[in-house]
Protein chains: 2
Amino acid sequence: MFSQFRNRFPLTDEKWNEYIGYFNRIEVPAKTTLLEEGEVSKKLYIIEKGCIRVWFNNNGKDLTTQFFFENESVASIESFMKKLPSPTNIETIEPSVLWWIHKNDLDKILEEIKEIPELRDSLINKLFERTFDYMKYFVSFIKDSPAERYSNLIKERPQIILRVPQHYIASYLGITTVHLSRLKSKLVNKNS
Amino acid sequence: MFSQFRNRFPLTDEKWNEYIGYFNRIEVPAKTTLLEEGEVSKKLYIIEKGCIRVWFNNNGKDLTTQFFFENESVASIESFMKKLPSPTNIETIEPSVLWWIHKNDLDKILEEIKEIPELRDSLINKLFERTFDYMKYFVSFIKDSPAERYSNLIKERPQIILRVPQHYIASYLGITTVHLSRLKSKLVNKNS
DNA sequence: AAAATTTGATAACAAATGTTATTGTCTGCC
DNA sequence: GGCAGACAATAACATTTGTTATCAAATTTT
């Protein structure tokens with residue numbers, strides 16, 4: 001699990017062993033709630049196998065805002081950073097194998113990482129990339145129709161289409177399940 | 001202009017004078033293009049007075065993605081960071097007084113700032129805050145109707161409503177000018 | 001001050017999207 | 001194997017949103 005990180009980061013063996021000791025491996029079934037709306041997010045999860053969604057209840061409707069797959073890390077990020085109640089739930093979609101680390105331990109690691117110029121810069125770069133990604137999502141809502149957003153998903157995030165139930169995808173696109181179903185049947189007719 | 005920054009940052013007088021020397025003051029009329037689609041963004045602008053929008057041409061339609069006002073800094077951020085051609089234009093809305101700094105000079109400042117723990121952390125925090133903001137915009141498109149997004153703008157960014165022509169606001173909300181006009185008249189009737 | 005341009009409102013009609021209900025398939029579970 | 005729940009497709013109808021066109025008011029330019 002950690003070998004891919006290992007190679008990227010110039011740390012001593014002792015450091016690595018210390019850090020790895022902070023992580024805990026768990027196996028959970030599908031539809032397991034990892035964080036509930038209102039709680040403070042204190043664990044960061046890394047996905048070894050499986051997939052996860054972030055969602056919230058909006059006037060009785062289940063709205064999904066993010067999907068995560070293998071090797072991605074998940075937390076309710078603003079809650080996690082600022083110790084605020086999370087507005088969202090975190091839940092597995094598939095049976096999953098996860099590694100979690102407590103915020104306190106991660107903070108220790110981050111404090112040390114920030115002193116190493118390459119790691120610090122790579123952290124800052126990741127933050128920028130994340131911001132760019134969200135900007136693109138945002139612009140896509142201004143620019144593209146639901147049909148175009150769905151086509152983009154197929155191209156850019158096929159894992160979502162293949163592994164996630166359709167009603168979660170619909171809310172992620174900002175449309176109803178009925179509408180998504182219609183879009184799909186139009187696409188099929190167009191391609192035949 | 002810079003006194004508000006001055007107080008927040010523990011730098012020597014010499015450093016401050018060096019940094020301030022990098023900035024250039026300009027006054028420009030409304031509808032001045034500061035950056036054109038396809039160019040690489042090399043200047044960061046800080047607004048002393050006036051307002052600015054970021055927009056792009058989407059199949060002949062003028063779509064605005066961001067607004068900026070006094071004391072905010074503006075660049076086509078991904079282009080600026082990575083020296084890529086900008087997908088967007090930057091343009092003044094009102095006659096404006098701006099300060100700009102060249103990317104090369106800003107990079108020099110940032111290199112030094114990153115060595116000072118408080119400044120570095122405040123930089124990282126700002127990056128997080130920016131990401132949170134974009135996440136919220138993104139979620140708002142999933143969660144809220146155009147009417148609700150417009151109401152939110154009135155509450156949270158009244159400057160936009162007061163100072164920006166309506167057709168720019170419409171595209172920012174992802175709707176047509178006709179539709180925005182209808183939403184407004186419904187709001188008026190509801191409140192009377 | 002007149003002319004041109006920009007901005008905004010509105011109407012009539014078209015297209016997209018939502019709502020509710022029905023039906024069928026699939027999956028996990030006992 | 002059968003049952004319950006989750007998931008997806010579709011139809012009929014309602015509502016929202018877009019398109020195009022026209023007019024009026026405000027603003028800028030000459």
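Below, all heavy atoms of this structure are taken into account, side chains as well, without hydrogens, waters or symmetry copies. Letters A, B, ... mirror the listed sequences (proteins, then strands); counts begin at 1.
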From NZ of A/Lys186 across to P of C/dA15 the rounded distance in Å is 11 Å
Taking the six-membered ring for Trp, are the ring centroids of B/Phe141 and A/Phe141 within less than 6.0 Å of each other?
-> yes
Rounding to a whole Å, what distance do you find between B/Leu183:CG and C/dG8:C1'?
-> 14 Å
Flag for B/Ser76-B/Ser41: side-chain donor and acceptor within less than 3.5 Å | no
Side chain to side chain contact (heavy atoms under 4.5 Å, CB included) test vs B/Phe67 passes for just one of B/Ile52, B/Ile93, B/Val54, namely B/Ile93
Separation of C/dT19 P from A/Asn59 CG (nearest whole Å) | 12 Å
Do any side-chain nitrogens or oxygens of B/Lys61 fall under 4.0 Å of OP1 or OP2 in D/dT19?
-> yes
Are side-chain N/O atoms of B/Thr131 and A/Arg130 paired as donor and acceptor at under 3.5 Å?
-> no
For A/Lys15, enumerate each residue passing the side-chain contact (heavy atoms from CB on, under 4.5 Å) test, keeping only those at least two apart in sequence or located in another chain.
-> A/Leu11, A/Thr12, A/Glu18, A/Tyr19, A/Glu112
Atom pair distance, as rounded to whole Å: CG in B/Leu187 and C1' in C/dA9 | 15 Å
Would you mind reading off the distance between A/Phe141 atom CZ and D/dT17 atom P, rounded to a whole angstrom?
-> 14 Å
What integer distance in Å separates B/Ile175:CD1 from C/dA16:P?
-> 18 Å
In whole angstroms, how far is the P atom of C/dT7 from the CZ atom of B/Arg53?
-> 9 Å
Protein-proximity profile, nucleotides 3-12 of chain D, B/S/- by nucleotide at the 4.0 Å heavy-atom cutoff, equals ---SSSBBBB
To the nearest angstrom, the CG-P distance between B/Leu173 and C/dG8 comes to 13 Å
Under the side-chain hydrogen bond (donor to acceptor under 3.5 Å, both in side chains) test, residues paired with B/Arg25 that sit two or more places apart = B/Glu27
